[in-house]
J.: 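Attaching a single structure in structure tokens format; questions to follow.
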Amino acid sequence: MERIILHLDMDAFFAAVEERENPQFKGMPLVVGADPKGGRGRGVVSTCNYIARKYGIHSALPISKAYELCPEAIFLPVNMELYQKVSENIMAIIKRYSPIWETVSLDEAYLDLSHIFYDRRKRSIGNLWEEAENLAKKLKKEIFEKEKLTSTVGIGPNKLIAKMAAEKAKPNGLLIIKPNQVKKFLEPLAIEDLPGIGPKTAEVLRNFGVNKIKELKKISKSKLKEIFGLVGETIYERARGVDEEEVSSEEIIKSIGKEHTFEKDTRDPEIIFGTFEKIIRDIWEELIENNFSFKTITVICRFSDFETRTKSKTEPRPLKMGGAKVKMRTKSSLPTLKEPTQDFKILKTEAKKLLLKFLIENPKLIRLIGLRITVC
DNA sequence: AAGTTCTTATTAC
DNA sequence: CTAACGGTAATAAGAACTT
């Protein structure tokens, strides 16, 4: 059945919330992210307002570069609790517009509107899209009146098109792409505009003379599969505006991780293990809060030259019960076989063992350490 | 040969 | 000098390993 999907994207969300809370910054370039520390900061830009963007600043830009581009900008730290609260308010609003919703991040959400007009469906399909447009205007208006924040909405026959429409309409925009407009909408766009095509994939495609989605469509599915594997098949479908992903609020957490970049690269064991133990405790707390168990521990280490490596260890799983009978195992018979566990001691000792290996086998200064566990 | 584990690469917000 | 480059999570692929 044909669907009508809406994508909501808050405009420059973190920066917009800060502007709202600090009206004295209105009209000035505003950057939310790491502390620039006079140009020596190690972090990146989280979000910036549109004035800052005129200087070439954007999300994920190293904060040192942002400072260089516009030292007179207002630099604010990330106040995640605040944005989280505002996000909850917004999500509470949007959920009332459809029982089928999906939160993507603090500032993005999808709604499936298909069924809304289904019950009282009157005449033509075209009418349904008009009603979707009215709903979007109402939604934007309600968010603005209640939260004083502007947003952009994209509407399309699936999540892919809805998202791309919003991307093209921002800021404070509304763009509706009906099924018969999908082809015209997509073909002139750059390949990077297609979700799933990042810098690396784009570079490979450019080497094939492909720059626009229209050109991408000339490459066969089997060729894309040959070059990019499974991703290639997805790209083939997406280039044609095909996307069957459901809007669904179910989320299954598969891993929990924490990373920390040091102020300065270091080999000081006090600093390294002190930081690491805090990471271990934080992760374990989150594990217990969610009543998860873990089965794989992965330690991440980034060296001063940015080389990033991982080491992981999986707790061996219990012997599989095959078709034939398996002898009952007694605990004492498998001292080395462990099941997924919540045990803090195991997490701590195994994680530290892995980290120690990095220290032993590599003399370079360390920039970042991290820990991730896959949960079940 | 099949299933697991380990590691790296890529993407996205 | 020459790049600068956070934190969190998912997914895919291939090599290495175990059974």
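Note that the structure is a prediction, hence the values are computed from the model and not measured. Here is the naming used below: chain letters follow the sequence lines, and residue numbers restart at 1 for every chain.
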J.: If a protein heavy atom is under 4.0 Å from the base, mark B; if only from the sugar-phosphate, S; if neither, -; do that for nucleotides 1-10 of chain C going 5' to 3'.
T.: --BBSBSBBS
J.: Using only atom types and a distance under 3.5 Å, with no angle test, would you say the side chain of A:E259 pairs donor to acceptor with the backbone of A:L368?
T.: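 Flag not set: sc A:E259 to bb A:L368 has no pair under 3.5 Å.
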J.: To the nearest angstrom, how far is A:L230 atom CG from B:dT11 atom P?
T.: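 Answer to the nearest Å: 15 Å.
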J.: Atom CG of A:D9 to atom P of B:dC13: distance rounded to whole Å?
T.: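 Going from A:D9 (CG) to B:dC13 (P), I get 8 Å.
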J.: Is A:K163 near enough to B:dC13 that one of its side-chain N or O atoms lies under 4.0 angstrom from OP1 or OP2?
T.: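 Yes.
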J.: For A:I197 and B:dC13, give me the distance from atom CD1 to atom P, rounded to whole Å.
T.: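 Between P of B:dC13 and CD1 of A:I197: 14 Å.
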J.: How many Å lie between CZ on A:F358 and P on B:dC6, as a whole number?
T.: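 A:F358 atom CZ is separated from B:dC6 atom P by 13 Å.
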J.: If you take all heavy atoms of A:S114 and A:M1, which pair is closest and at what distance?
T.: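 Between these two residues, the closest heavy atoms are CB-CE, 4.3 Å.
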J.: Given atom CD1 of A:I300 and atom C1' of B:dT10, what is their separation to the nearest angstrom?
T.: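 Those two atoms, CD1 and C1', are 16 Å apart.
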J.: Between B:dT11 and C:dG6, how many Å separate the two C1' atoms, rounded to a whole number?
T.: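 My reading of the C1' atoms in B:dT11 and C:dG6 gives 16 Å.
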J.: Side-chain N or O of A:S312 less than 4.0 angstrom from OP1 or OP2 on B:dT7?
T.: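 Indeed, a polar side-chain atom of A:S312 lies that close.
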J.: Given atom CD of A:E251 and atom P of B:dC13, what is their separation to the nearest angstrom?
T.: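 These atoms are roughly 17 Å apart.
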J.: Residues two or more places apart in sequence or in another chain: which of them pass side chain to side chain contact (heavy atoms under 4.5 Å, CB included) with A:Y67?
T.: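 In terms of side chain to side chain contact (heavy atoms under 4.5 Å, CB included), with neighbours along the sequence ignored, A:Y67 is linked to A:P36, A:P71, A:F75.
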J.: Work out how far the C1' atom of B:dT10 is from that of C:dC5, and round it to whole angstrom.
T.: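 Result for the C1' pair: 16 Å, nearest Å.
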J.: Ignoring backbone atoms, test whether A:T298 places a side-chain nitrogen or oxygen under 4.0 Å from the OP1 or OP2 oxygen of B:dC6.
T.: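 For A:T298, the contact criterion (side-chain N or O under 4.0 Å from OP1 or OP2 of B:dC6) is not met.
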J.: Sub-3.5 Å donor-acceptor pair from the side chain of A:S249 to the main-chain atoms of A:E102, do we have one?
T.: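 Judged by distance alone, no pair lies under 3.5 Å.
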J.: Expressed as a whole number of angstroms, how long is the span from A:I227:CD1 to C:dA12:P?
T.: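 Interatomic distance, CD1 of A:I227 to P of C:dA12: 18 Å.
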J.: Over 60° means perpendicular and under 30° means parallel, so classify the ring planes of A:Y83 and A:F14, tilted if in between.
T.: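 Correct class here is parallel.
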J.: Can you tell me how far C1' of B:dC6 sits from CD of A:E315, to the nearest Å?
T.: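 My rounded result for the distance is 14 Å.
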J.: Between A:R367 and A:C301 (side chain of the first, backbone of the second, donor and acceptor by atom type, cut-off under 3.5 Å), is there such a pair?
T.: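 Judged by distance alone, no pair lies under 3.5 Å.
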J.: Does the A:R206 side chain pair with the main chain of A:N211, one donor and one acceptor, at a distance under 3.5 Å?
T.: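 Not at all, since once roles are kept as given, no pair shorter than 3.5 Å links the two residues.
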